[in-house]
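Here the structure comes first, spelled out in structure tokens, and everything after it is commentary.
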Amino acid sequence: MPSLSIHRLPMAHPGDLSALAGLIAAGTIRAGDVRAVIGKTEGNGGLNDFTRGFFTQSLMLLLARHTGEAPEALAARIPCVLSGGTEGALSPHYMVFAVARDRGGASGLALGSAFSPPTPAGEIGRVAQIEAVTAAVRAAMADAGITRAEDVALVQVKAPCALAPGPDARSTDPRVLMALSRAAAAFGAGIAIGDIAPEAGTEAALLRDVQHYSNRVSISSGIEVTCNEVVVIGRAAGWTPGIRAGVAPMRDLLDLDGVIHACRAAGLEASPAVQDRSRVLGVIAKGEPDKAGHIRGARHTMLGDTDIDAQRHLRGALGAVVAAVTGDGQVFVSGGAEHQGPPGGGLVCVFARE
């Protein structure tokens, strides 16, 4: 019977896997039990952020030395979801999700993963990508043994983009294509878990029909992946208890209450700061600058700053709000929350020991 463990580890640079290597050497983690990695690297978070690919390559080489598998084979079965940009108080780190099968219980937090087929640039932001992600999320739920959509706590997807989209792509601007990829993956995941109606999943709805969103879906996009890599986390029978996941929407970047609600859903006392930080195993947050240019009636300048990209403003601001509650800068903060939480807001997920 399976048991899930989560290890939040620091990195000294984008290729630093020494913390994981130490846990493997000590026998705390078996390299073959690593099922997914979600982390923040200190790049710019843009199209030319090669820190993400560098970390992935370093990770697969480390695991290959211990498992005997080829790095390419490992990369084809272990989702590595990375977001670049550790502005402000954010700290470079990664969360290792390991699944051992030497224990079991009545019901506990479960993890499943799946990969869609390769997604060419011409399918990004189209119905084909929406349907591919829907199928991959359902496959990941089955992999975890999650039988009810309401038992899914979070769907994390790393969606592809293309540096040179080509004439058949929905946009020749890679940045727009990256946003379309996140939007399509959010629709696909939302449909799979019942948060978005299947008939709403049209190309015309992407980035436009903002009333369609899921509070349980987190999407990152990048050129370092060629398909949609999916991680599903939720409760399932037969998994060892001991970890809880609390998820809550954030209505805007200043929604401190949303962060507190997520912490409380994970079983933590937070009012406003978490009382026992040692129980926090990891934090994931999504957000976006409000496109109307205001937060609670006050004008913001994130979208008009020609010196600093809006997503860098976003990560610094949202990271500070979340870290102030959880008490640690090791927070996975990812911008581009298209259809992931309320418009102009986003979501936060907290993993904690029971």
Side-chain angles (χ1 to χ4, degrees), residues 1-11 16-40 55-56 58-60 62-67 69 74 77-82 91-114 140-141 143-146 151-156 158 218 229-247 262-263 265-268 274 276-284 326-328 330-332 349-354:
M1 302 295 282
S3 61
L4 174 66
S5 62
I6 303 174
H7 307 265
R8 185 169 56 172
L9 306 174
M11 63 173 82
D16 177 28
L17 274 298
S18 59
L20 176 57
L23 292 180
I24 293 173
T28 305
I29 297 177
R30 290 186 295 231
D33 290 344
V34 175
R35 288 291 308 276
V37 173
I38 300 174
K40 287 292 297 181
F55 178 90
T56 301
S58 302
L59 171 67
M60 300 310 167
L62 171 65
L63 296 178
R65 289 198 296 270
H66 289 277
T67 64
E69 294 183 69
L74 290 164
R77 69 172 180 82
I78 300 175
C80 190
V81 181
L82 300 172
S91 179
H93 71 287
Y94 56 105
M95 291 173 281
V96 177
F97 295 78
V99 175
R101 297 193 174 273
D102 54 354
R103 292 179 293 171
S107 177
L109 199 65
L111 180 145
S113 62
M141 289 174 61
D143 182 48
I146 300 173
D151 289 332
V152 173
L154 184 75
V155 179
Q156 177 69 63
K158 184 69 182 189
S218 170
E229 303 187 358
V230 176
V231 179
V232 172
I233 299 170
R235 298 198 67 83
W239 288 71
T240 302
I243 299 176
R244 292 178 64 176
V247 183
C263 290
L268 298 168
V274 170
D276 186 359
R277 290 171 46 194
S278 66
R279 291 175 55 200
V280 179
L281 297 173
V283 184
I284 292 173
T326 60
D328 195 315
Q330 294 183 94
V331 178
F332 179 95
C349 174
V350 178
F351 301 105
R353 294 187 184 88
E354 292 183 337

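Residue numbers start at 1 and run along the sequence shown. Just so you know, these numbers come straight off a predicted model, no measurement behind them. Only this structure's heavy atoms are used, side chains among them; waters, hydrogens and symmetry mates stay out.
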query = Does Gln156 have any side chain to side chain donor-acceptor pair (under 3.5 Å) partners at least two apart in sequence or in another chain, and if so, which?
reply = Ser218
message = Determine whether a donor-acceptor pair (N or O, by modelled atom type, separation under 3.5 Å) exists between the side chain of Lys158 and the backbone of Leu82.
response = yes
Smallest separation among heavy atoms of Phe332 and Val81, with atom names = CE1-O, 4.0 Å
key: Pairing residues for Arg77 by the salt bridge (Lys or Arg N to Asp or Glu O under 4.0 Å) criterion, not counting sequence neighbours   = Glu69
Under 3.5 Å: donor-acceptor pair, side chain of Trp239, backbone of Ala144 = yes
note = Closest non-hydrogen contact found for Asp276 with Leu268 is O-CD2, 4.2 Å
key: salt bridge (Lys or Arg N to Asp or Glu O under 4.0 Å) partners for Arg235, two or more places apart   = none
Side-chain donor or acceptor of Arg353 paired with backbone N/O of Leu281 under 3.5 Å = no
task = Taking Glu229 for its side chain and Cys80 for its backbone only, find out whether a donor-acceptor pair lies under 3.5 Å.
result = yes
request  = Please name all residues satisfying side-chain contact (heavy atoms from CB on, under 4.5 Å) with Arg277, sequence neighbours left out, ordered by chain then number.
outcome  = Asp328
ask   = Closest approach of Ala266 and Val350, non-hydrogen atoms and distance?
value = CB-O, 3.5 Å
inquiry  = My understanding is that only residues two or more places apart in sequence, or in another chain, count here; which of them pass side chain to side chain donor-acceptor pair (under 3.5 Å) with His93?
reply    = none
task = Carefully, step by step, assess Leu63 and Ile24 under the rule side-chain contact (heavy atoms from CB on, under 4.5 Å).
result = CA-CA 9 Å; Leu63 296 178; Ile24 293 173; 4.3 Å; yes
key: For Ser58 against Leu17, the heavy-atom pair lying closest together   = CB-CD2, 3.6 Å
key: For Tyr94, ring-ring contact (aromatic ring centres under 6.0 Å, His included) partners two or more places apart   = Phe55
task = Kindly say whether Ser113 contributes a backbone atom to a donor-acceptor pair with the side chain of Asp143 at under 3.5 angstrom?
result = yes
remark   = All heavy atoms of Pro2 vs all of Gly238, minimum pair found to be CD-O, 3.6 Å
